[in-house]
Asks: 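Below is a structure I'd like to ask you about.
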Amino acid sequence: MALSGLDIFKLLPKTNCKKCGQPTCLAFAMALAQKKVSLDQCPDASPQAREALAAAAAPPIRLLAFGAGPGAAKAGHETVLFRHEEKFHNPTVIAITLPDDLEPAAAAARAKAIQGFAFERVGQAMPIQAVAVVNRSGDAGRFAATAELAKTTCKALILVTDSPEAAKAALAHVKDTRPLLCGATAESADAMAALAKEAGCPLVARAADLESLATLTEKLKGAGCEDLALWLDAPDGWTEMTGLTQIRRLALKKAFRPLGYPLIAFATSGTPEAQVARAAALECKYAGIVVVETLEPWALLALLTARQNLFTDPQKPVQVEPKLYAVGEAGPDSPVMFTTNFSLTYYTVEGDVEASRIPSWILCVDTEGTSVLTAYSGDKLNEKVVAKALKAANLEAIVKHRKLIIPGYVAVMSGKLEAETGWEILVGPRESSIIPRYLKEVWAS
Ligand code: SF4
């Protein structure tokens, strides 16, 4: 937990010697609390003060990195309970299971399918980052072979097994990829910690309640394992969800270090719908890694969309570059319409224009990433802004006509826009989904 200026002041020498460039120790403490200066600027700070301040400055939830190269994944390092307080930093890692009891052909097909998933939404890639190799067979050799197969997906690996023997066999094949070993229980803590330490990979601590988890992480830390994740293996969904929330609160609000690690959770049972619903709830509260079983693209897309929305910085809307875009083979007779550079708005319009199969120009106007109505009500979208964009895009030289289709929601600006640009203004539909019909009826007729 961050220390206040007065807390820091108590740790300083209080000699007011000014060597730090501040007039008093109190002034220095206040500046340090605001992160305007560094403790190194006080040459007389005691080792105890340095240790206490370093501990206070450590992130309340430790960053966990696993995987290697392009398949590297990270979780944790979160600083707030609610997104609007600042933002969430590391999007939940989504992992898909690869059980080791599948027939070889089925396992290979599943690995290939996992590798092939590539989703994009509003111009952003939405990756599946990890594969969870699950030791359902209970056989160490099969687990190792499946881990080796999982390596071909080039995703970060999670080795899910209770057995130190199986973990050792798999690590022998894949430890160079820095897999996440999942996990150590109270019974297997010594053996799993030794394996994780030897392989240099992070480790999951697994227990059924918060107290046992905290005891286990302290034990693993004592054994030299600092890179940990927590698996609250609760008896039911309600206990799990409330437990995960409690862990986050304890880590952030009470700086309770034994639970200051990212969380891993499993939504691997039930229908794809049930898995997605559970996994999306786990993304919200507060899993850093969620493992699912389903391979249904629609289910994964829903989960990834929920993640994308949750981890978007609320202060920075996702934006596209404001400029002129051609949809299809747009030419001098193609319709021209404008929209704003809020990604969701732009890509929705672009998709609907594409669906019309009428090559078109979309003039994407800079509204600082806000939607049409928000921009208009905040005066970020007016006749002057659109006229400036029209001119910057040199549209008069690109198209022969002088007709501009505007969003139906801002029909009110058509008069002023016509006067400002000299173009004929056509009021388009309010809803983007009507664009294909509109273009066919109004433009193509
Ligand atoms: Fe106080 Fe250290 Fe600054 Fe001297 S250098 S005034 S002891 S904070």
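Counting starts at 1 for both ligands and their atoms, following the listed order.
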Asks: For atom 4 (Fe) of ligand 1, grab the closest protein heavy atom and report residue, atom and distance to one decimal in Å.
Replies: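 Scanning the protein heavy atoms, the shortest distance from atom 4 (Fe) of ligand 1 goes to Cys17 SG, 2.3 Å.
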Asks: Any ion pair linking Asp227 and Arg178 (charged N to carboxylate O, less than 4.0 Å)?
Replies: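 The answer is yes: the pair qualifies as a salt bridge.
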Asks: For Glu273, I'd like to know if atom CD has over 12 heavy atoms of other residues, nucleotides or ligands within 6.0 Å.
Replies: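 Atom CD in Glu273 is packed in, count exceeds 12.
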Asks: Under 6.0 Å between ring centres, would you say that holds for Tyr325 and Tyr346?
Replies: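 Yes, the ring of Tyr325 comes within the 6.0 Å limit of the ring of Tyr346, centre to centre.
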Asks: In the protein, what heavy atom is nearest to atom 3 (Fe) of ligand 1, and what distance, to one decimal place, separates them?
Replies: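 The closest one turns out to be Cys20 SG, 2.3 Å.
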Asks: Which of the numbered atoms in ligand 1 are below 4.0 angstrom from a heavy atom of Asn16?
Replies: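 Answer for ligand 1: 6 (S).
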Asks: Below 4.0 angstrom from a heavy atom of Lys18, which ligand 1 atoms are there? Numbered from 1 as shown, please.
Replies: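 Those qualifying, in numeric order: 4 (Fe), 6 (S).
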Asks: Identify the protein heavy atom lying closest to atom 2 (Fe) of ligand 1, giving its residue, its atom name and the separation to 0.1 Å.
Replies: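 Closest protein heavy atom to atom 2 (Fe) of ligand 1: Cys42 SG, 2.4 Å.
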Asks: At a 4.0 Å threshold, what atoms of ligand 1 neighbour a non-hydrogen atom of Phe28?
Replies: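 Once the distances to Phe28 are compared, the set is 8 (S).
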Asks: If you measure only the distance, is there a donor-acceptor pair under 3.5 Å linking the side chains of Arg110 and Thr97?
Replies: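 Short answer, yes.
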Asks: Could you identify the single nearest non-hydrogen protein atom to atom 1 (Fe) of ligand 1 and state the distance to 0.1 Å?
Replies: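 Protein heavy atom at minimum distance: Cys25 SG, 2.2 Å.
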Asks: Check whether the side chains of Glu293 and Gln275 place a donor and an acceptor atom closer than 3.5 Å, and report yes or no.
Replies: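 There is no such pair (donor and acceptor under 3.5 Å, judged by atom type) between the side chains of Glu293 and Gln275.
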Asks: Closer than 4.0 angstrom, basic N to acidic O: yes or no for Arg206 and Asp233?
Replies: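 Yes, charged N to carboxylate O under 4.0 Å.
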Asks: With atoms numbered from 1 as shown, which atoms in ligand 1 lie under 4.0 angstrom from a non-hydrogen atom of Thr15?
Replies: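 Going through ligand 1 atom by atom, the ones under 4.0 Å from Thr15 are 7 (S).
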